[in-house]
Amino acid sequence: MLLGKKRKLGRKLEEIKTGEKLELSEAIEDKDLLLYLGLTNDNNPLFIQHDYASMTPFKKPIVPQIMLTGMVTSAISKYLPGPGSSIKKQSLTFIKPVHHYGKVHFLFQVTGINEAAHSITMSVEGKNEKNEKVLEGELEVCPPYTPKSITSHTLENF
């Protein structure tokens with residue numbers, strides 16, 4: 001639990017417009033791979049062994065797809081809509097592998113708004129440093145709700 005200063009929430013549903021875009025780039029460093037592999041205890045040789053990966057069509061170790069998924073979900077949580085949002089549904093396709101020390105440029109776009117369901121639909125596309133598409137997908141996201149005041153029901157019985 002975080003104590004102290006409140007964090008600013010992301011943008012509310014009524015503040016978001018269809019067509020909005022978010023672009024960001026993420027570099028994959030050794031520290032990121034080691035943290036992921038340590039947390040998940042995933043020792044797939046395709047992710048960590050250069051000698052094994054060199055004998056496959058990938059030629060070099062690849063970044064675990066769930067790490068790329070984490071980068072997508074992190075962008076939702078941090079930027080659009082931002083803190084307080086939640087992913088309801090996602091569909092991602094991994095078109096090409098991302099290799100160690102690669103860089104992925106993500107483009108997110110709001111493609112729809114559903115006020116009744118309090119959700120937005122977003123597309124995502126990721127390209128590597130050669131401008132080749134490495135992933136694409138769609139997400140249904142619930143933007144943050146306006147929190148109710150802690151004292152809103154305090155005096156109801158008076």
Side-chain angles (χ1 to χ4, degrees), residues 1-2 4-42 44 46-47 57-58 60-153:
M1 176 159 83
L2 292 173
K5 193 169 135 180
K6 281 186 179 181
R7 296 192 61 177
K8 184 175 178 348
L9 291 177
R11 295 177 42 219
K12 312 294 184 295
L13 183 70
E14 58 274 6
E15 299 172 325
I16 299 169
K17 304 288 182 241
T18 301
E20 283 189 49
K21 295 179 182 179
L22 167 68
E23 292 186 59
L24 61 104
S25 294
E26 293 279 349
I28 291 86
E29 305 291 338
D30 280 338
K31 68 176 177 60
D32 305 315
L33 291 160
L34 292 172
L35 280 169
Y36 164 78
L37 296 170
L39 285 171
T40 61
N41 200 24
D42 188 345
N44 183 339
L46 188 55
F47 300 153
F58 299 106
K60 299 187 283 188
I62 64 170
V63 175
Q65 292 82 357
I66 197 71
M67 278 186 66
L68 299 171
T69 302
M71 292 174 185
V72 168
T73 60
S74 176
I76 301 296
S77 294
K78 290 192 288 189
Y79 306 115
L80 183 62
S85 59
S86 174
I87 295 174
K88 296 168 104 177
K89 186 166 89 173
Q90 68 181 5
S91 172
L92 297 174
T93 302
F94 302 96
I95 300 161
K96 287 183 151 246
V98 175
H99 293 97
H100 290 204
Y101 313 110
K103 192 172 193 174
V104 182
H105 181 77
F106 293 97
L107 173 64
F108 296 84
Q109 184 168 359
V110 177
T111 57
I113 297 173
N114 184 336
E115 290 182 28
H118 191 83
S119 67
I120 62 172
T121 306
M122 299 177 69
S123 64
V124 61
E125 178 180 278
K127 292 185 177 181
N128 63 17
E129 54 278 342
K130 296 177 185 173
N131 206 32
E132 300 167 323
K133 194 185 292 187
V134 295
L135 73 83
E136 65 184 2
E138 185 175 84
L139 302 109
E140 183 181 345
V141 178
C142 175
Y145 289 95
T146 303
K148 294 181 180 171
S149 168
I150 198 163
T151 59
S152 64
H153 299 292

**Fill in**
Residue pairs meeting side-chain hydrogen bond (donor to acceptor under 3.5 Å, both in side chains), one or both in residues 90-99, sequence neighbours left out, come to none
**Asked** Got a second to check how far Glu125's CD is from His105's NE2, nearest 0.5 Å?
**Response** 9.0 Å
Please list every donor-acceptor pair under 3.5 Å in which a side-chain atom of residues 73-80 meets a protein atom from a residue at least two apart or in another chain.
{"unit_1": "Thr73", "atom_1": "OG1", "unit_2": "Thr69", "atom_2": "O", "d": "3.4"}
{"unit_1": "Thr73", "atom_1": "OG1", "unit_2": "Gly70", "atom_2": "O", "d": "3.1"}
{"unit_1": "Ser77", "atom_1": "OG", "unit_2": "Thr73", "atom_2": "O", "d": "3.3"}

**Atom pair NZ (Lys127) and CZ (Phe106), whose distance is rounded to the nearest 0.5 Å** = 13.0 Å
**Prompt:** For Lys12, what residues pass the salt bridge (Lys or Arg N to Asp or Glu O under 4.0 Å) criterion, not counting sequence neighbours?
**Reply:** none
**Message:** If I compare all heavy atoms of Leu9 with all of Pro144, which pair ends up nearest, and what's the gap?
**Reply:** CB-CB, 4.5 Å
**Request:** Any salt bridge (Lys or Arg N to Asp or Glu O under 4.0 Å) involving residues 63-73? Give me the pairs, sequence neighbours left out, ordered by first then second residue.
**Result:** none
**Message:** Working to the nearest 0.5 angstrom, can you tell me the gap between Ile66 CD1 and Met71 CE?
**Reply:** 11.5 Å
**Request:** For the residue pair Lys60 and His100, establish whether any side-chain heavy-atom pair is separated by less than 4.5 Å.
**Result:** no
**Asked** Can you list the residues that meet the ring-ring contact (aromatic ring centres under 6.0 Å, His included) rule with Tyr145, with sequence neighbours excluded?
**Response** His118
**Asked** For Asp42, which residues count as a side chain to side chain contact (heavy atoms under 4.5 Å, CB included) partner, sequence neighbours excluded?
**Response** Tyr36, Leu37, Thr40, Asn44, Phe47
**Request:** Report the residues that fulfil side chain to side chain contact (heavy atoms under 4.5 Å, CB included) with Thr121, sequence neighbours left out, ordered by chain and then residue number.
**Result:** Thr111, Glu138
**Item:** Pairs meeting criterion salt bridge (Lys or Arg N to Asp or Glu O under 4.0 Å) with involvement of residues 15-34, two or more places apart
**Value:** Arg11-Glu20
**Asked** Looking at Leu13 and Asn114, what are the two nearest heavy atoms and their distance?
**Response** CD2-O, 4.4 Å
**Request:** Return each pair, listed once, that meets salt bridge (Lys or Arg N to Asp or Glu O under 4.0 Å) where at least one residue sits in residues 101-118; pairs must be two or more places apart or across chains.
**Result:** none
**Prompt:** When rounded to the nearest 0.5 angstrom, what distance separates CD1 in Ile120 from SG in Cys142?
**Reply:** 9.5 Å
**Request:** Calculate, to the nearest 0.5 Å, the distance between atoms OG and CG belonging to Ser25 and Asn128 respectively.
**Result:** 11.5 Å
**Request:** Would you give the length of the straight line joining atom CG of Leu107 to atom CD of Glu136, rounded to the nearest 0.5 angstrom?
**Result:** 12.0 Å
**Asked** Looking only at heavy atoms, which two atoms of Pro97 and Ile62 are closest? And how far apart?
**Response** CB-CG2, 3.6 Å
**Complete:** Residues at least two apart in sequence or cross-chain that pass side chain to side chain donor-acceptor pair (under 3.5 Å) with Gln109, listed by chain then number, are none
**Message:** So Val104 and Ile28, do their side chains get closer than 4.5 Å, heavy atoms only?
**Reply:** yes
**Smallest separation among heavy atoms of Ile16 and Pro81, with atom names** = CD1-CB, 3.9 Å
